[in-house]
A.B. asks: 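A single structure is presented below for examination.
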Amino acid sequence: MSEAATHPTAPSPAPPPATEPAPGLLLSLEPLLREWLPRQRWFAGKGRPVAGFSLVAATELLPVGTAKAGLLHLLVRAHQPLVPSQGAPAHPGDCYQLLLGVRETLPPRLAPALIGHVAEGPLAGRTVYEAMHDPRLAEVLLEAMRTEAHVGELRCGRDTRHDIPEGLVPRLITSEQSNSSLVYGDTFILKLFRRVVPGDNPDLELPRELSLEGCPRVPAPVAWMVAELDRGTGAEGHHVLGVLQPFLHGAADGWELALSMLAKGEDFTAEARALGRATAEVHTALGRALPTVTLGRQQLESLVDGMTGRLESAAQAVPALRPYAPGLHTAFEALADLAAEGRTWTAQRIHGDLHLGQCLRAPSGEWSLIDFEGEPSKPLAERRMPQPVARDVAGMLRSFDYAAHSLQPPAADWATACRAAYCSGYADVAGADPRTDPVLLRAYETDKAVYEVLYEARHRPDWLPVPLAAVHRLATDPNADTP
Ligand SMILES: Nc1ncnc2c1ncn2[C@@H]1O[C@H](COP(=O)(O)OP(=O)(O)O)[C@@H](O)[C@H]1O
Ligand SMILES: O=P(O)(O)O[C@H]1O[C@H](CO)[C@@H](O[C@H]2O[C@H](CO)[C@@H](O)[C@H](O)[C@H]2O)[C@H](O)[C@H]1O
């Protein structure tokens, strides 16, 4: 550990025994949350008004009364009626993890973290802010994991094979994220999940399994924080709140790397091939570690029904997709035809949302895959189901196409070469080339492109032409995107 990576002053404050936050706490915070929460990038309920909040769990990690800076850990449910005008029943609402700092006054360096000033209730007169911006409070989280603290309903655990040094200096990473991550001394990264659901989060479950399998392609979880909630909280059960893993210092994000090499006219096929190998290594290890199943006719019919349903609802939501729907259906029908002929496929646990942005290349040139949460909008049970590996392969193939669209006109030959190299790399390790199963691959690429149309229409309308171009090809020429 380098000198610069350790804290020069006092040791981190240990989390105290649990204390019950004062009654009326949520009521006093509600006006601030109502204004602040919907503006956060990770807020999943955008576009639907928040009718109110309920407190699922509250833990004082540092007392808010006495210390200079208090730390409150809250799980808060945001209630959002689906169709308020029609008086529809209230949506149960998503549960969010909030880490709030509480001070008398906020020093200027923490101004960007401000949530607001509390007018009444137990915190009246105090300033509430995002605790992760405050190194003093971020240290408390690492210390809780280092000491395997149990505080209220919060439980920290760790893999004792890894040392967690004291006093690593924290910093919040600022990239666009669905969650929030803190880097400690360039040694560890702690991902704090924002929208939390009961059950095993695959972003902890799968990297742990891969680590036990000795698969080096995924950073192994070093520690974790969970909440064990009792009945009566409206969210009983086990909730994964955060995962600490080694920080791959100096690693390049696959998406950024692909764009920069493409812009410079540099060949990316060697990287694409290495990515194919890395994907296959992860799949092979997951296939060994966790159960695999055979998808027979019935399961394939329900797979095809899911794809068809997603296409129909995306076409409802995005008019530009409608002209292509009949052509896209043929991709799913072809899969249904194979199933009707008695063809079966193996399914296993996979990454579930693989694209170039989920791949990190270390300075050594080794690739790692991160972010095993799956598509966050899907229910947890669905994300944890075994699926054909072709789904991850299709995600990566779509990503090469996205990257090619960073140039105008799009670098179609670049994408074709990368897609082929990726499949070859995959075959080197897995022994089976994804291209030998074109019907399944086309069905998954079509499903992903349809998902992307909806995603871009909702989040980045300027990007909509990228998946729409793919949809056009996939709908009009079944062989157009064959790698
Ligand atoms: N182990 C790691 N080492 C270095 N950087 C990482 C690591 N894990 C994540 N990151 C960085 O953090 C960003 C967000 O991580 P990710 O797991 O994708 O979070 P989210 O689910 O919030 O999008 C990544 O794009 C990457 O740049
Ligand atoms: O960030 P997440 O992992 O939650 O994924 C979502 O956002 C991605 C964009 O950030 C989106 O990916 C799409 O755009 C990427 C380029 O920005 C491209 O590499 C991917 O292939 C493409 O699907 C992803 O679909 C969405 O779930």
Side-chain angles (χ1 to χ4, degrees), residues 40-42 44 97 132 171-196 201-204 206-207 211 216-222 240 242-259 262 275 314 351-363 366-378 383 391-406 415 418-419 422 444-445 447-460 462-467 469-471:
Q40 303 313 301
R41 194 217 185 239
W42 39 264
Q97 173 172 215
M132 282 167 286
R171 70 181 156 87
L172 185 63
I173 68 165
T174 48
S175 62
E176 285 280 290
Q177 273 190 268
S178 317
N179 298 288
S180 298
S181 298
L182 282 158
V183 173
Y184 291 92
D186 284 347
T187 306
F188 298 117
I189 181 164
L190 170 63
K191 173 154 147 183
L192 292 156
F193 299 104
R194 289 308 204 150
R195 190 170 69 90
V196 294
N201 186 326
D203 209 9
L204 173 58
L206 297 185
S211 147
R217 297 279 76 85
V218 172
V222 169
V240 178
V243 181
L244 184 78
Q245 55 172 236
F247 180 67
L248 305 172
H249 187 52
D253 166 300
W255 170 252
E256 299 293 337
L257 188 70
L259 292 199
L262 179 56
L275 279 165
H351 181 284
D353 189 20
L354 197 57
H355 54 82
L356 280 163
Q358 315 281 35
C359 307
L360 296 179
R361 196 191 67 168
E366 295 284 307
W367 283 97
S368 294
L369 309 190
I370 58 164
D371 196 2
F372 282 72
E373 244 193 310
E375 279 170 22
S377 56
K378 296 223 163 94
R383 289 191 261 143
R391 176 150 182 241
D392 279 349
V393 171
M396 285 298 290
L397 297 182
R398 289 287 317 120
S399 218
F400 294 120
D401 180 52
Y402 257 75
H405 277 79
S406 64
C418 287
R419 289 158 58 91
Y422 177 79
Y444 271 116
E445 269 209 79
D447 189 42
K448 182 72 185 183
V450 166
Y451 164 85
E452 288 166 345
V453 166
L454 195 59
Y455 178 86
E456 302 301 3
R458 284 190 180 150
H459 299 277
R460 305 185 297 191
D462 289 355
W463 291 60
L464 191 54
V466 180
V471 151

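We use all heavy atoms of the structure for the numbers below, so side chains are in, but hydrogens, waters and symmetry mates are not. Counting from 1, the numbers follow the sequence of the chain as shown. As the structure lists them, so they are numbered: ligands from 1, and atoms in each ligand from 1.
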A.B. asks: Measure up the Y451 and Y455 rings against each other and bin them: parallel (under 30°), tilted (30 to 60°), perpendicular (over 60°).
C.D. replies: parallel

A.B. asks: Might you point out which heavy atoms bring D353 and G374 nearest each other, and give the distance in Å?
C.D. replies: CB-C, 3.8 Å

A.B. asks: If you measure from CG on L248 to CD1 on I189, what distance do you get to the nearest 0.5 Å?
C.D. replies: 8.5 Å

A.B. asks: What atoms of ligand 1 come closer than 4.0 angstrom to any heavy atom of P219?
C.D. replies: 1 (N)

A.B. asks: Which residue and atom name correspond to the protein heavy atom nearest atom 3 (N) of ligand 1, and how close is it?
C.D. replies: L248 N, 2.8 Å

A.B. asks: I'd like to check which ligand 1 atoms, numbered from 1 as shown, lie under 4.0 Å from a non-hydrogen atom of K191.
C.D. replies: 16 (P), 17 (O), 19 (O), 20 (P), 21 (O)

A.B. asks: Quick one: closest heavy-atom pair of E452 and P467, and the distance?
C.D. replies: CB-CB, 3.7 Å

A.B. asks: Give the intermediate values and the outcome of side-chain contact (heavy atoms from CB on, under 4.5 Å) for residues R419 and M396.
C.D. replies: CA-CA 8 Å; R419 289 158 58 91; M396 285 298 290; over 6 Å; no

A.B. asks: For atom 12 (O) of ligand 1, grab the closest protein heavy atom and report residue, atom and distance to one decimal in Å.
C.D. replies: I173 CD1, 3.3 Å

A.B. asks: Show the nearest heavy-atom pair for residues A258 and A403, with the distance to one decimal.
C.D. replies: CB-CB, 4.5 Å

A.B. asks: Return the set of residues passing side-chain contact (heavy atoms from CB on, under 4.5 Å) with I370 (not counting sequence neighbours), or none when no residue passes.
C.D. replies: P219, Q245, Q358, L360

A.B. asks: Which residue supplies the protein heavy atom nearest to atom 8 (N) of ligand 1, what is that atom called, and how far is it?
C.D. replies: Q245 OE1, 3.6 Å

A.B. asks: Which part of I189 is near ligand 1, with near meaning a heavy atom under 4.0 Å away: side chain, backbone, both or neither?
C.D. replies: side chain

A.B. asks: The test is side chain to side chain donor-acceptor pair (under 3.5 Å); show your working for S178 and R194 and say whether it passes.
C.D. replies: CA-CA 8 Å; S178 317; R194 289 308 204 150; over 6 Å; no

A.B. asks: Run the side-chain contact (heavy atoms from CB on, under 4.5 Å) test against A362 and tell me which residues pass, sequence neighbours left out.
C.D. replies: S364

A.B. asks: For L360, take its heavy atoms, then give the atoms of ligand 1 lying under 4.0 Å from any of them.
C.D. replies: 2 (C), 3 (N), 4 (C), 5 (N), 6 (C), 7 (C)

A.B. asks: Would you mind listing which atoms of ligand 1 come within a distance below 4.0 Å of any non-hydrogen atom of Q177?
C.D. replies: 14 (C), 15 (O), 19 (O), 20 (P), 22 (O)

A.B. asks: Would you indicate which of V243, D353, I370 comes nearest to atom 9 (C) of ligand 1 when only heavy atoms are counted?
C.D. replies: I370

A.B. asks: Using a plain distance cutoff, I'd like to know if S181 has any nitrogen or oxygen under 3.5 Å from a nitrogen or oxygen of ligand 1.
C.D. replies: no

A.B. asks: So is R460 actually on top of Y402's ring, under 6.0 Å and inside 45° of the axis?
C.D. replies: no

A.B. asks: What do you reckon, does A251 put a non-hydrogen atom under 4.0 Å from ligand 1?
C.D. replies: no

A.B. asks: Report, in ascending order of atom number, the atoms of ligand 1 lying under 4.0 Å from any heavy atom of Q358.
C.D. replies: 18 (O)

A.B. asks: Can you name the closest pair of heavy atoms from V243 and L204 and give their distance?
C.D. replies: CG2-CB, 3.8 Å

A.B. asks: So is there a nitrogen or oxygen of S180 less than 3.5 Å from a nitrogen or oxygen in ligand 1?
C.D. replies: no

A.B. asks: Does ligand 1 come near enough to G357 that some N or O of the ligand is less than 3.5 Å from an N or O of the residue?
C.D. replies: no

A.B. asks: Any idea which part of S368 is under 4.0 Å from ligand 1, heavy-atom wise: side chain, backbone, both or neither?
C.D. replies: neither

A.B. asks: Heavy atoms only: give me the nearest L192-N179 pair and the separation to one decimal.
C.D. replies: O-CB, 3.3 Å

A.B. asks: What atoms in ligand 1 come closer than 4.0 Å to a heavy atom of F247?
C.D. replies: 3 (N), 4 (C), 5 (N)

A.B. asks: Between the side chains of R391 and D447, is the shortest nitrogen-to-carboxylate-oxygen separation below 4.0 Å, so that they form an ion pair?
C.D. replies: no

A.B. asks: Show me a pair-per-line table, with atom names and distances to 0.1 Å, of protein N or O atoms that are under 3.5 Å from an N or O of ligand 2.
C.D. replies:
from     : atom 1 : to   : atom 2 : distance (Å)
ligand 2 : 3 (O)  : D353 : OD2    : 3.2
ligand 2 : 3 (O)  : H355 : NE2    : 3.2
ligand 2 : 3 (O)  : Q358 : NE2    : 3.0
ligand 2 : 7 (O)  : Y455 : OH     : 2.9
ligand 2 : 14 (O) : R460 : NH2    : 3.0
ligand 2 : 17 (O) : R460 : NH1    : 3.2
ligand 2 : 17 (O) : R460 : NH2    : 3.3
ligand 2 : 19 (O) : S399 : OG     : 2.7
ligand 2 : 21 (O) : S399 : OG     : 3.0
ligand 2 : 23 (O) : E452 : OE2    : 2.7
ligand 2 : 27 (O) : Y451 : OH     : 2.5

A.B. asks: So, using side chain to side chain donor-acceptor pair (under 3.5 Å) as the criterion, who are the partners of Y422 when residues are at least two apart?
C.D. replies: T279

A.B. asks: In the protein, what heavy atom is nearest to atom 18 (O) of ligand 1, and what distance, to one decimal place, separates them?
C.D. replies: D371 OD2, 3.2 Å

A.B. asks: Tell me: protein heavy atom nearest atom 25 (O) of ligand 1, and distance?
C.D. replies: D253 OD2, 4.1 Å

A.B. asks: Can you check side-chain contact (heavy atoms from CB on, under 4.5 Å) on T187 and F247, steps first, answer last?
C.D. replies: CA-CA 5 Å; T187 306; F247 180 67; 5.9 Å; no

